[in-house]
Amino acid sequence: MLFSILPDERRIFELVARAAREQSVPAYVVGGYVRDRLLGRPTKDIDIVCVGDGILLAEAVAALLSPRPKVVVYRRFGTAMLRCEGIEMEFVGARRESYSPESRKPDVEQGSLEDDQNRRDFTINALAVSLNEDTFGQIIDPFNGLAHLEQKIIKTPLDPGQTFSDDPLRMMRAVRFANQLGFTIEPSTYRGIVQHRSRLHIISRERIATELEKILMTP
């Protein structure tokens with residue numbers, strides 16, 4: 001299935017594709033932007049994952065733009081951000097994550113697109129769109145996220161115990177997305193929240209408060 005690219009998006013995506021091709025790194029649009037566009041929701045934040053160095057790709061994209069935008073780099077997280085025509089783009093290298101029981105801060109190493117999709121919180125946020133020459137615009141959907149968008153379901157891509165144990169804040173995010181989108185939390189995912197709710201003790205009160213405020217602001 002091909003992603004319907006809007007005219008004002010095409011120029012930006014083609015620039016990213018060109019920069020990625022010149023650096024010989026596969027690149028993809030991932031996550032919330034893909035989800036919201038498929039749902040017809042307005043969005044101005046684009047996450048780009050490349051199988052390589054996301055910071056270098058951001059710098060290469062900026063060099064193709066005129067005027068050249070400022071690239072904000074977060075080396076600790078291996079990410080970079082820039083703004084272009086009112087759109088905020090974040091670049092990161094595909095990665096594999098592993099967690100210790102008492103922290104939601106992962107050990108990170110370079111990975112494949114598959115590794116990056118595996119670490120996502122929900123199937124509807126694991127959707128990716130190829131920016132590569134041979135498959136430009138193709139949707140990559142390893143966890144049936146498209147079907148779950150149609151069915152209005154919140155479901156973890158991996159076993160809920162693993163997804164929620166790795167990052168317990170995802171349990172509150174499940175509730176938030178269900179309320180924001182009018183979706184239902186799928187039964188095994190819901191049971192995972194019930195079973196692993198005590199893991200929230202490793203999350204800071206500030207992060208919990210922020211998530212709770214977002215939940216309370218939904219209709």
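Counting from 1, the numbers follow the sequence of the chain as shown.
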Name each donor-acceptor pair under 3.5 Å that joins a side chain in residues 64-71 to protein atoms two or more places apart or in another chain, with its distance.
unit_1 : atom_1 : unit_2 : atom_2 : d
Arg68  : NH2    : Glu59  : OE1    : 3.4

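- In summary, Glu211 and Arg207 do not engage in a salt bridge, as defined by a charged side-chain N under 4.0 Å from a carboxylate O.
- More than 12 heavy atoms of other residues, nucleotides or ligands shown are found within 6.0 angstrom of CD on Gln180.
- Nearest heavy atom pair, residue Arg35 against residue Ile124, reads CB-O, 3.4 Å.
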If you apply the rule side chain to side chain donor-acceptor pair (under 3.5 Å), what do you find for Ser188 with Glu186, and how did you get there? CA-CA 6 Å; Ser188 66; Glu186 177 267 341; 2.7 Å; yes
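- Side chain of Thr189 to main chain of Ile185: no donor-acceptor pair is present (N/O by atom type, distance under 3.5 Å, no hydrogens or angles).
- Arg120 has a carboxylate O that lies under 4.0 Å from a charged side-chain N of Asp116, or vice versa, which qualifies the two as a salt bridge.
- For Ser165 (side chain) and Gln162 (main-chain N/O), no donor-acceptor pair under 3.5 Å exists by modelled atom type.
- To the nearest 0.5 Å, the span separating CZ on Phe164 from CG on Leu200 amounts to 10.0 Å.
- Paired with His196 under the rule side-chain contact (heavy atoms from CB on, under 4.5 Å), one option of Met171, Arg170, Arg191 passes, and it is Met171.
- The backbone N or O of Arg83 sits nowhere less than 3.5 Å from a side-chain atom of Glu88 that would complete a donor-acceptor pair.
- For Glu114, the CD atom is loosely surrounded, since the number of other residues' heavy atoms within 6.0 Å does not exceed 12.
- Between Leu146 and Leu127, the closest side-chain pair of non-hydrogen atoms falls below 4.5 Å.
- At least one donor-acceptor pair under 3.5 Å links the side chain of Asp141 to the backbone N or O of Asn144.
- Heavy atoms of other residues, nucleotides or ligands lying less than 6.0 angstrom from OH of Tyr190 number 12 at most.
- In this structure, the separation between OG1 on Thr79 and CD1 on Ile55 is 6.5 Å, given to the nearest 0.5 Å.
- Smallest separation of non-hydrogen atoms from Ser130 and Tyr28: CA-CD2, 3.7 Å.
- Between the side chains of Asp45 and Thr43, no donor-acceptor pair is found at a separation under 3.5 Å.
- Of the possible polar contacts, none joining the Asn132 side chain to the Phe136 backbone as a donor-acceptor pair under 3.5 Å is found.
- For the residue pair Pro160 and Gly192, the shortest heavy atom distance occurs at CB-CA, 4.1 Å.
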